[in-house]
Peer 1: 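Have a look at this one before I ask anything.
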Amino acid sequence: NFTTSTSTGSVSSSGLLFIGFRNNTRHGPVFTQEPSDSIFPLSADDNQVFINCKAKGNPPPHYRWKVDGREIDTKSDLNYSLIEGNLLINNPHVINHGGVYQCIATNTFGTIVSREAKVQFAFLQNFSRKSRNTVSVREGQAVVLLCGPPPHYGEIKYSWVFNGQSSFLQQDARRFISQRTGNLYIAKVEASDAGNYTCAVRNIMTNATVFSSPTPVVVRRDAVMGEYEPKIEVQFSDTLHISKGSSVKLECFALGNPVPSISWRRADGNPLPGKIKINHSSGVLEIPYFRPEDAGVYECVAENSRGRNVARGQLIFHNVEHLHWAQTLKDAEMAIGANLQWECKAVGKPRPTYRWLKNGELLSAEGRNHVEGGTLTISRISLLDAGMYQCVSENEHGAIYASAELKVVASPPDFTRRPVKKSTVIQRGGEVVLECRPHASPRATISWFRGGELLKDTKRQTIMEDGTLRITNISKSDGGRFTCVARNRFGASSSTGMLVVKEPTKIIVTPLSLDATVGQSLVLPCEVSSDSSLSPIFKWFFNGKAIDFSRQEHFEMIGGGFAGDLMVRNIQLKHSGKYVCMVQTEVDTVSAAADLIVRGPPGAPEDLVVTDITEATVQLSWSSGPDNHSPVTMYMVQARTPFSIGWQTVRTVPDSVPGQMMHATVKDLNPWVDYEFRVVAINSVGVGEPSMPSKQIRTKAAVPKVAPVNVSGGGGARGELVIMWEPIPEEQQSGEDFGYVVAFRPLGSNTWIQTVLASPDASRYIYRNDSMAPLSHFEVKVGVYNSLGEGRFSHVVKVVSAGEGEHPSEAPSRVWGRSVSASEIEVFWEAVPPGRQCGNTLTLKYCMCWLFQSPKKFNTQGCLRTAIKKIINKKKKKSVNIIHHYPLQQTLSWDLAVENLDKKNILS
């Protein structure tokens, strides 16, 4: 039953429904804690078990519980009590109170059920006190002692006690305790094994331990068991399915005489994973954190001197994917008569199935309800459909629950939250859409009025299915007052707005597509005409992104009012693209676009490759980089070596590489030199960036082509012929094992005397012959060679051997100078007397050194040599002119020396 009141716009109901406007947070129950599978230890000290369940809701929910599908009556069953939503079990019994529990939460909006939780109790009962039979065994024979554990639940650990000792029996290669059966295995009995054996069982959860009656073992001495091959008594299953991430333990133990050794391996020959643990004298193999790569056939090999035996089993990776939601439910608030569709999706292996609950009860697929897997459809919703719904997804590993609330809304039309827009401004010739979206349940019928006139569909105006009014090709006469009237069975309401028609905005000066060169500046115009009552707002976009003028140094908007031109300063390549001028007013938006092409020097060539390397040439090929809107006219090739200063332009074939050619031959290279190359593109705008350097290559070796220069000699000690030359630079040596060939002969002789100097840095050779007359004249030449052969010789020069003396014994005297001009001075000195010149007087030279002292204490010094032949020494004074680039209003100090080039000694 429900009532309506059109004056207040409210509806009420006595059912589990949401009626009227949603003005509070009342809602159905939602679980915040649910019970989960648990194992509780049973002990004398702890006689209570607590199972959690908590839900939120408004009003607060109340709770019920089920166990194995049976309702729990907490009032009559004293073992159960509720603490809020939690279930307390007093004095639990392992049989009476173990089972599957489920929590149920209910309030006025509906009921939900929790997931099912399996509750079990860990316990360990005592062994029977009945005496155990004596086991008689011969020495050398094997024996198995059965444990026979008492009733229990929960993980347990087996141990054995020998002769009542305080410590447990230690396992070794001869004795093994199976943690699956508890049995004790002795591979080969010895005389010391006689005694009483007691099985000890400990429950890991309760920590309780119980002991069996002792089993007496008697070792017979009437005979000794002979040797026999291993017999595997403890082994694992032929096939085991192991879940991802779990730990698996394989047991293997053999009886035999001698005591067998146990080893493990994989049947496919692959090594055992490094994480594997082998303990208890190899009797247990443990694989933690099982992964797909751990799957396979594992073998246990038992071996002694009498033979061997193998047990094998296959471990199969069991890919169990736990159930989880990929798509869950959301609360729904629906109007009467609407259609509802909910969908839930769960992921898991095996593939899950679905069922639906309403208020905790199975929802049948009949009438207006349609269920297909995880999809629930309810057509033509009524008030009776309100409540709590749950989607349950389950497979053999468990179930998961998703909950949602359906609220059914009933109300008259109301514009409080969404009235018709108070004022809508539109340009003439445009299109307007006036929305009418009142809150109403069931959905309201809509009528539109202009002034007091009821509007009907025409060619230009249409009332859409959702109540929206659409008017096209707007004219000035369409302006005015528009009213939307909404009605349903619970009442009616209306809302009014104004439509104002303005003149449209037009761009009368549009930006033009332009070409520009890097570094230029230009203006893209944008001017509009618009309704005088409107204020246009200009925005510029570059390649789809709005230009932020506060952060762009290259862009500036100039003009004002109905103009918003774009100034682009110092244009760069990155400014190429599409520019859009957008003008917005209160009623419309217009835009115009232009393309700007920026031309610049070409980009760097790419993919440079060096091939066909010879001693003097290489072949280069490359691909073009961006031409930056100006075609490449030519390419320039550059190279560098360890001996060059930076990059140098090299000669190519062709001499000028045209822009359409992507290869060239580099010529005139030095043999046996490491080169890097790069290519630079040039267009009408300028020279572009160079390519990335090529990989370093070395030209092939060749016979040296360059002969030594500045070959000279003379001086030295008596009996010496000194020959000197300028060494060949490394980049011109053309190959490995470079050296010099020095050839000389007395003047007038036809026979050359040759010697080889294997050092590439050599610049001097001294030939010694005590019988050589002083100042003997020789013809001299110096050649070169490397590992490929001999190169050219220098020109023949004449060199004089050493004379009698050592070096000059006296310095020049009376040195003075005078200024000749602003950049020239003249220096005078007294010549060294002939009797004191010593050495090779024909090659006597003077060395002049100077020191400039400026007012700023900037000192410059240098030396100048000039050869003065002996014949000139008849004059008393000699002079030389020195031209210097410093002003001569400075103090000059002079030293004058004479040197004997034979000895390289200088007197000053």
Peer 1: A side-chain contact here means heavy atoms from C-beta on lying under 4.5 Å apart; do His97 and Asn79 qualify?
Peer 2: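 A side-chain contact under 4.5 Å exists here.
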
Peer 1: Judged by atom type as modelled, is there a donor-acceptor pair below 3.5 Å linking the side chain of His370 to the main-chain atoms of Arg368?
Peer 2: no

Peer 1: List the atom of Ile474, the atom of Ile426, and the distance in Å for their closest heavy-atom pair.
Peer 2: CG2-CG2, 4.0 Å

Peer 1: Is a side-chain donor or acceptor of Ser495 paired with a backbone partner of Phe415 at a separation under 3.5 angstrom?
Peer 2: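 Absent.
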
Peer 1: How close do Pro413 and Asn488 get, heavy atom to heavy atom, and via which atoms?
Peer 2: CD-OD1, 3.3 Å

Peer 1: Side chains of Met388 and Pro29, heavy atoms from C-beta outward: is any pair under 4.5 Å?
Peer 2: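 Met388 reaches Pro29 side chain to side chain.
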
Peer 1: Could you grab the distance from atom NZ of Lys578 to atom CG of Asp595, nearest 0.5 Å is fine?
Peer 2: 4.0 Å

Peer 1: I need the Ser246 OG to Lys244 NZ distance, nearest 0.5 Å.
Peer 2: 11.5 Å

Peer 1: Counting N and O atoms only, with roles assigned by atom type, does the side chain of Arg418 sit under 3.5 Å from a partner on the main chain of Arg437, one being a donor and the other an acceptor?
Peer 2: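 Yes: the side chain of Arg418 pairs with the backbone of Arg437.
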
Peer 1: Looking at side-chain heavy atoms only, is the closest gap between Asn359 and Tyr389 below 4.5 Å?
Peer 2: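 Side chain of Asn359 against side chain of Tyr389, heavy atoms only: no contact under 4.5 Å found.
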
Peer 1: Which value, rounded to the nearest 0.5 Å, describes the distance between Glu556 atom CD and Ser521 atom OG?
Peer 2: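 One gets 10.5 Å once the value is rounded to the nearest 0.5 Å.
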
Peer 1: Is there side-chain contact between Val518 and Val598, with at least one heavy-atom pair below 4.5 Å?
Peer 2: yes

Peer 1: Counting heavy atoms not belonging to Arg481, are there more than 12 under 6.0 Å from its CZ?
Peer 2: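 No, the 6.0 Å shell around CZ holds no more than 12 heavy atoms from other groups.
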
Peer 1: For Ser475 versus Val501, what's the shortest heavy-atom pair and its separation?
Peer 2: O-CG2, 3.5 Å

Peer 1: Would Arg417 and His439 count as a side-chain contact (heavy atoms from CB on, under 4.5 Å) if you check the C-alpha gap in whole Å, the side-chain angles of each, and the deciding distance to 0.1 Å?
Peer 2: CA-CA 8 Å; Arg417 287 185 290 173; His439 184 277; 2.9 Å; yes

Peer 1: Would you call Cys581 and Phe541 a side-chain contact if the rule is heavy atoms closer than 4.5 Å?
Peer 2: no

Peer 1: Can you find a side-chain donor-acceptor pair between Gln390 and Ser403 that sits under 3.5 Å?
Peer 2: yes

Peer 1: Are Asp414 and Ser493 close enough that a side-chain donor and a side-chain acceptor fall under 3.5 Å?
Peer 2: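 Judged by distance alone, the side chains do not pair up.
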
Peer 1: For Thr517, is there any backbone N or O sitting under 3.5 Å from a side-chain donor or acceptor partner on Gln520?
Peer 2: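 Here the side-chain-to-backbone pair exists.
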
Peer 1: Taking Arg115 for its side chain and Pro35 for its backbone only, find out whether a donor-acceptor pair lies under 3.5 Å.
Peer 2: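 Yes, Arg115 side chain to Pro35 backbone: donor-acceptor pair under 3.5 Å.
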
Peer 1: Would the distance check show the side chain of Asp565 and the main-chain N or O of Cys526 forming a donor-acceptor pair, the cut-off being under 3.5 Å?
Peer 2: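 Yes: the side chain of Asp565 pairs with the backbone of Cys526.
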
Peer 1: Atom OH of Tyr101 and atom OG of Ser38: how far apart are they, to the nearest 0.5 Å?
Peer 2: 11.0 Å

Peer 1: Closest approach of Asn570 and His554, non-hydrogen atoms and distance?
Peer 2: O-ND1, 3.3 Å

Peer 1: Strictly distance-based, threshold 3.5 Å: is any side-chain N or O of Trp448 a donor or acceptor partner for the main-chain N or O of Thr468?
Peer 2: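 Not at all, since once roles are kept as given, no pair shorter than 3.5 Å links the two residues.
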
Peer 1: Rounded to the nearest 0.5 Å, what's the gap from OH on Tyr63 to CD on Glu84? Could you check?
Peer 2: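 Atom-to-atom, Tyr63:OH and Glu84:CD are 7.5 Å apart.
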
Peer 1: Which heavy-atom pair separates Lys502 from Lys476 by the least distance, and what is that distance?
Peer 2: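 Residues Lys502 and Lys476, closest heavy atoms: CA-NZ, 4.4 Å.
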
Peer 1: Check this for me: does any side-chain nitrogen of one of Lys407 and Glu333 sit under 4.0 Å from a carboxylate oxygen of the other?
Peer 2: no

Peer 1: Taking the side chain as C-beta and beyond, is there a heavy-atom pair between Val392 and Ile400 under 4.5 Å?
Peer 2: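 When only atoms from C-beta onward are counted, Ile400 and Val392 do not touch, as no gap falls below 4.5 Å.
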
Peer 1: Show, in sequence, the C-alpha distance, side-chain angles and deciding distance for Ile537 and Thr585, and conclude whether the side-chain contact (heavy atoms from CB on, under 4.5 Å) test is met.
Peer 2: CA-CA 6 Å; Ile537 298 173; Thr585 67; over 6 Å; no

Peer 1: Got a salt bridge between Asp531 and Arg428, using NZ or NE/NH1/NH2 to carboxylate O under 4.0 Å?
Peer 2: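 Salt bridge flag = no for Arg428 with Asp531.
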
Peer 1: Taking the side chain as everything from C-beta on, heavy atoms only, tell me whether Trp342 gets closer than 4.5 Å to Leu406.
Peer 2: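 Yes - at least one pair of side-chain heavy atoms lies under 4.5 Å apart.
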
Peer 1: So does Arg470 have more than 12 non-hydrogen atoms from other groups sitting under 6.0 Å from CZ?
Peer 2: no

Peer 1: Rounded to the nearest 0.5 Å, how far does NZ of Lys66 lie from CG of Leu87?
Peer 2: 14.5 Å

Peer 1: Could you check whether Phe542 and Tyr579 have their ring centres less than 6.0 Å apart?
Peer 2: yes

Peer 1: For a 4.5 angstrom cut-off between non-hydrogen side-chain atoms, does Phe40 reach Ile89?
Peer 2: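 Phe40 does not reach Ile89 side chain to side chain.
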
Peer 1: Evaluate whether atom CD of Glu71 has more than 12 neighbouring non-hydrogen atoms of other residues, nucleotides or ligands under 6.0 angstrom away.
Peer 2: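 Result for CD/Glu71: enclosed.
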
Peer 1: Could you walk me through whether Ser243 and Phe317 pass the side-chain contact (heavy atoms from CB on, under 4.5 Å) test, one step at a time?
Peer 2: CA-CA 6 Å; Ser243 301; Phe317 179 76; over 6 Å; no

Peer 1: Indicate the atoms forming the closest heavy-atom contact of Gly85 with Cys103, along with that distance.
Peer 2: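 Answer, listing the atom of Gly85 first, then Cys103: O-SG, 4.4 Å.
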
Peer 1: Please check if atom CD in Gln584 has more than 12 non-hydrogen atoms from other residues, nucleotides or ligands closer than 6.0 Å.
Peer 2: yes

Peer 1: Is it true that Asp37 and Lys118 make a salt bridge, defined as a side-chain N closer than 4.0 Å to a carboxylate O?
Peer 2: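 Not counted as a salt bridge, because no side-chain N and carboxylate O are separated by less than 4.0 Å.
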
Peer 1: Could you walk me through whether Thr505 and Asp588 pass side-chain hydrogen bond (donor to acceptor under 3.5 Å, both in side chains), step by step?
Peer 2: CA-CA 7 Å; Thr505 304; Asp588 57 0; 3.1 Å; yes

